[in-house]
Amino acid sequence: MGVSGWFRFKGRSLFSWAFTFQRLTGVVLLIYLLAHLTYLSTLLDKTGATYESMIAITVSRQFLVFDILLVLCGVFHGVNGFRIILHEFGIAYEYRKPLLAIFTVIAVVVWLYASYIMYSLTGG
Amino acid sequence: MQHDIVIVGAGIAGMRAAIAAAEKSKRLSIALIAKTYPIRCHSVCAEGGTAAVLREGDSFDLHAWDTVKGSDFLADQDAVEFFVRECPVEIIRLENWGCPWSRNEDGTIAQRPFGGHSFNRATYAKDRTGFHEVHTLYERMLMYDNIEIFPEYFITNLAIENGAVQGVSAIHLKTGYMEFFQAKAVIFATGGAGRLYGFTTYSHQVTGDGLAIAYRNGIPLKDMEFFQFHPTGLIPSGILMTEGCRGEGGYLLNKNGERFMKRYAPEKMEVAPRDVVSRAMWTEIIEGRGFEGEYGPYIALDLRHLGEEKIEERLPLIRDAAIKFAGVDPVEEPIPVKPVAHYTMGGIDTNVRCETAVKGFFAAGECACVSIHGANRLGSNSTAECLVFGRVAGEVAAEYALNAKQGKISAEFRQKEEKRIFDDLLGKSGDESPYQIKRELNETMDSNMWIFREEKGLKEAVKKIQELKERYRNVEINDKSRGFNTDLTSAIEIGYMLDLAEVVAIGALKRQESRGAHYRLDYPKRDDENWLKHTIAYYTPEGPKFDYKPVTITKWEPVERKY
Amino acid sequence: MVRFKIRRYDGKKSYWQSFEVPARRGMTVLEALYYIKENYDSSLAFRASCRMGICGSCAMKINDKPRLACETQVLTLGNTVKVEPLDNFKVIKDLITEFDGFFEKHKAVKPYLIRKDDNYAEPKELLQSPEELNEYYVFTLCIKCGACYSVCPAAATLDECLGPAAMTAAYRFCADSRDEGQKERYEIASSSNGVWRCHLAMECSEVCPKNVEPAKAVQLLRRKTAFSILKSLLRW
Amino acid sequence: MESTKSVMEPVAWIFQMLTGLVMILLVTLHFYVTHMTSHEALKYAEVASRVAQPEFKALYAALLLVVSFHAFNGLRAILLDTTAGMRKKGAVSALTMLAFLLAFIYGLYLLFSI
Ligand SMILES: Cc1cc2nc3c(=O)[nH]c(=O)nc-3n(C[C@H](O)[C@H](O)[C@H](O)COP(=O)(O)OP(=O)(O)OC[C@H]3O[C@@H](n4cnc5c(N)ncnc54)[C@H](O)[C@@H]3O)c2cc1C
Ligand code: HEM
Ligand code: SF4
Ligand code: F3S
Ligand code: FES
């Protein structure tokens, strides 16, 4: 069936969504990690000028939407990852369904909160 | 292909035989062939238990006596005595191989009461006994390197030359091509013939193939007119509603809301023996006191008064099945049931060593008739039979194969068989649908060879079956492809069923008495004078030829069968 | 009348075909398939036997969800019923899929009791308390229908992956108080095709018609496997 | 059916879980410091002074280690989930682990050269 098998949701439960999201966000974060390291290279310029000009772009309003999406990835991956780890160590398997719902809600709330703060911080 | 032993059928009997043969000698190459994957066999349906004498207070004689009495004295008592002695060790073997038998608090294997047994000797694994036995046997079988499994091979014929078996021919379903398995010994463990009936507890695959193949090759069938009917089959599918429903206190009601059993068995009421209850229910239906439903008349199995709690605790699977398969929740509504065809007492005529009339050819399990069930099988005795005689067949065949020369299937046989299946059946055109023929056969069986039989109906049935056989010559198989042609295999199965139905009908017509499951309205009494004998049917192109054989009696002279 | 849309495959091409089936209360999807086969198109191929949900033959995708055709009531599905073969299995014909590999994987995990004192000729009754039985009983209920395998994302991309059913079988024996083969089985389960390929997608437990909870078995097996191997490493 | 016991896999699995747990703390902290208080924290001088403190250096080094292992081991898991990846199992493991080491060392180099 191939990789498209990771994106079949018809007739499937929320668990399949969670799996696919975990995977996608993991990859996004991996790419971000590489980008992050590349961009931190600018710190090598001891005057800080290159770095500051980069930061200026990333904290701007135009960039905010990327930041917010990135945070969504991070938050979802982390929160859902925690859920997986619990189950992996045999905790709360019986409550897997409510746990999925609760953790998804937590992820969304944390994400919205973080987005709001970031929105305020970027100012006008 | 060449093997020492070919076993056809991977139910409890076939797999037990394979293990027994493999244990006998590592040098033997064993092929296990079945038309489904092994764990898809019919044996997984068995629910209640497997009989064995395990505990203090029970005895071999008691088990044997219960069995003989249950059989209405048609069982061969030497076979029964052997059988009961071999049951316990088989239970323990399964246990050692991982079967999750239900347990007593002290960790020993638990047993429960069962109809007709005067001791709690039905060993069980919840209400999925057959399922767990099959899986245990299958998994154990995987340990033996000399057993090769050929799943989804459909047997079409048996090669016999010079009075000895040479092998079998089979259609490999996946490719649709014919394969020939040459062997020194062949064991048939192909199960019963329950799908002769339309309303039955049997799996769809139980079409009596092995019986018909053996029969057509001149090996006689024994006691085929004896078919067991269970009182409570779920409508519309016929799925078994275990005896436990009534054991736990369920009522049987007619459409007037009356517990009619009080007129048939005032003392035992709903928990009277199976044949009594079945006959009572059928009488109600015939006399117009059944409920009318979309699927015809039925009787209500009422569990409502037991309450949700008790139903959930004691009969969870029954509730589940009623909801899933009939859309009825027994907590709120009575379950629609009626008597249902349940077991094939007859089969390939064998002796206690599972040997048949042909050298190197053995039979075991439901397809065989060693004759421990006689005219009426006791619940939980048949899985036990499969285990015991499966083992015997495996061992005896192994001994035979170690000293026999390799079977050879001649080129002539191969050509003839391929022509018969692919040219004469698949290739030809006609204007009959095999499914229509099957429908009419089922109807005939359900109406004329049901719980009550009489001369007129049986004669009609014989005529009808012969007409259907004639029409069958003219069937057309629409699907002309090769790979997984289930149209072809269904048509072949229907051909087998027609032959068997004829044997059942004529045998029943001839047997002018009532014994066990065979009840003749025109001869309502057992007649030991004339009929204490086995029916033996031989194939001839014109139809079955009948002969009779005495019953072996060792300890127990026939007496009136009262419960 | 209920409309059945069936995914057909004749070995070469794949196409949809529709049939109208008169449905009544109590009719299952399996009965509808037989109705179609016996009245409209006898070439329709599907597997079925017990029709009581115990033989595992008839798992297929019904309205996008893998289910047992024999225990699915037609009238609960609406006016159109879509029937397709299981995902993650190669289709042989119509609704029939290749199961040889699935059974191979089951065999590969040594799904039988392993004991040093195995004695065929003179077996002895082993004791097991009801509690010990309950430790593994639910995992014995697997009917090998393949529904779980058909939704497991790892099985979608990795042909050789053991899959939930086989791993459940492995755990079922490891958790049996009578068994002595844990070590062997942990080694098999720890192969790269084994437990590590599960990412707790848990869809397997969602679709299992027998409520076997394969996801739980896999996760328990992985934990035991990991610790058993780590322990043997530390002892080096 | 191939079934050789693997030593890499259980170790990788347990570390994937442990690093996940550790990251919940570290990433949250890191994110909190840089994004949730004020963007002042992102100023070059701020960054440089933070990194100069040994506690922070250690913290960043730890974060770097766990993140890069977790990320590349995650990639390894994804690749091994495919038939193609599994066919080159050894190469996949070797390359992803090499990538992990490179990322980690490069990050350390940055950390110590600011
Ligand atoms: C609903 C139900 C409940 C039951 N409960 C009990 C119980 O509680 N206790 C009890 O003792 N008994 C019970 N029985 C009876 C018992 O289940 C059967 O008698 C027994 O399982 C038969 O086993 P077998 O091995 O002889 O044949 P089966 O299990 O029927 O196996 C037959 C094998 O032959 C193969 N085969 C058939 N034809 C061909 C062919 N042409 N080519 C290739 N292979 C072929 C099939 O694929 C299958 O593998 C019950 C029966 C039913 C219907
Ligand atoms: C915040 C804390 C985090 C937690 C709790 C966490 C947890 C997890 C878990 C449990 C898995 C395993 C999924 C599986 O294989 O079954 C996983 C996979 C993965 N993680 Fe994380 N993670 C975190 C942060 C990160 C970060 C920061 C990155 C990237 C830089 C990352 C990248 C990945 C990748 C690529 C995978 C593989 C995806 C997959 O197997 O489906 N993770 N994570
Ligand atoms: S675990 Fe469940 S879904 Fe999977 S094969 Fe077994 S019964 Fe079917
Ligand atoms: S769906 Fe597959 S990924 Fe794991 S939890 Fe079940 S085996
Ligand atoms: S037909 Fe046996 S499970 Fe459906």
Side-chain angles (χ1 to χ4, degrees), chain C residues 88 90 100-111 152-163 166-167 169-170 181-201 218-236, chain D residues 1-28 62-63 65-104:
Chain C
N88 297 353
K90 192 170 145 271
D100 285 352
F102 182 81
F103 280 107
E104 274 299 308
K105 289 167 187 172
H106 172 235
K107 179 177 177 174
V109 304
K110 305 202 175 179
C152 176
T157 43
L158 180 62
D159 304 333
E160 292 295 297
C161 111
L162 282 178
M167 293 196 272
Q182 284 94 344
K183 241 183 122 222
E184 284 170 61
R185 257 180 247 106
Y186 290 155
E187 292 198 0
I188 297 163
S190 90
S191 82
S192 289
N193 291 319
V195 288
W196 320 112
R197 299 282 73 81
C198 166
H199 304 277
L200 281 194
V218 173
Q219 154 247 305
L220 288 168
L221 179 66
R222 174 165 42 209
R223 209 169 69 214
K224 294 228 159 130
T225 301
F227 288 132
S228 137
I229 293 187
L230 292 178
K231 239 167 55 198
S232 74
L233 275 183
L234 292 180
R235 216 167 290 147
W236 266 353
Chain D
M1 180 146 289
E2 178 261 9
S3 61
T4 43
K5 141 172 130 174
S6 160
V7 174
M8 161 103 200
E9 297 276 15
V11 176
W13 171 75
I14 204 136
F15 277 115
Q16 184 76 353
M17 298 304 134
L18 293 180
T19 53
L21 282 179
V22 171
M23 271 191 293
I24 295 179
L25 293 175
L26 295 189
V27 172
T28 313
L63 179 59
L65 177 68
V66 290
V67 171
S68 38
F69 173 80
H70 183 95
F72 284 102
N73 186 50
L75 180 65
R76 189 185 69 88
I78 295 178
L79 293 174
L80 289 188
D81 274 358
T82 63
T83 305
M86 191 58 93
R87 218 174 286 132
K88 303 220 176 351
K89 190 168 69 182
V92 166
S93 291
L95 288 178
T96 48
M97 286 304 108
L98 187 69
F100 147 57
L101 286 177
L102 285 179
F104 177 52

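Sequence lines set the chain letters: A, B, ... in the order given, protein chains first and strands last, and positions in each chain run from 1. The structure presented is a predicted model; accordingly, all values stated were derived computationally and were not measured.
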Enquirer: Contact between D:T83 and C:L158 at the side-chain level, heavy atoms closer than 4.5 Å - yes or no?
Expert: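 They are in side-chain contact.
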
Enquirer: Tell me every residue that passes salt bridge (Lys or Arg N to Asp or Glu O under 4.0 Å) with C:D159, counting only those two or more places apart in sequence or in another chain.
Expert: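 For C:D159 there are no salt bridge (Lys or Arg N to Asp or Glu O under 4.0 Å) partners, ignoring immediate neighbours.
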
Enquirer: Could you walk me through whether C:R197 and D:E9 pass the salt bridge (charged side-chain N to carboxylate O under 4.0 Å, His left out) test, one step at a time?
Expert: CA-CA 10 Å; C:R197 299 282 73 81; D:E9 297 276 15; 3.4 Å; yes

Enquirer: Look up atom CE in D:M86 and atom OG1 in C:T157, then write down how far apart they are to the nearest 0.5 Å.
Expert: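 Going from CE on D:M86 over to OG1 on C:T157, the span is 9.5 Å.
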
Enquirer: Among all residues two or more places apart in sequence or in another chain, which pass the salt bridge (Lys or Arg N to Asp or Glu O under 4.0 Å) test with C:K107?
Expert: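 Expected list: none.
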
Enquirer: Please output the residues of residues 13-20 of chain D in contact with chain C, using a heavy-atom cutoff of under 4.5 Å, in numerical order.
Expert: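 Heavy-atom contacts from residues 13-20 of chain D to chain C are D:W13, D:I14.
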
Enquirer: Would you mind reporting whether C:W196 and D:P10 have side-chain heavy atoms less than 4.5 Å apart?
Expert: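 Yes, their side chains come closer than 4.5 Å.
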
Enquirer: Could you name the residues of residues 68-81 of chain D that have a heavy atom within less than 4.5 Å of a heavy atom in chain C?
Expert: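 If one takes a 4.5 Å heavy-atom cut-off, the residues of residues 68-81 of chain D near chain C are D:A77, D:L80, D:D81.
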
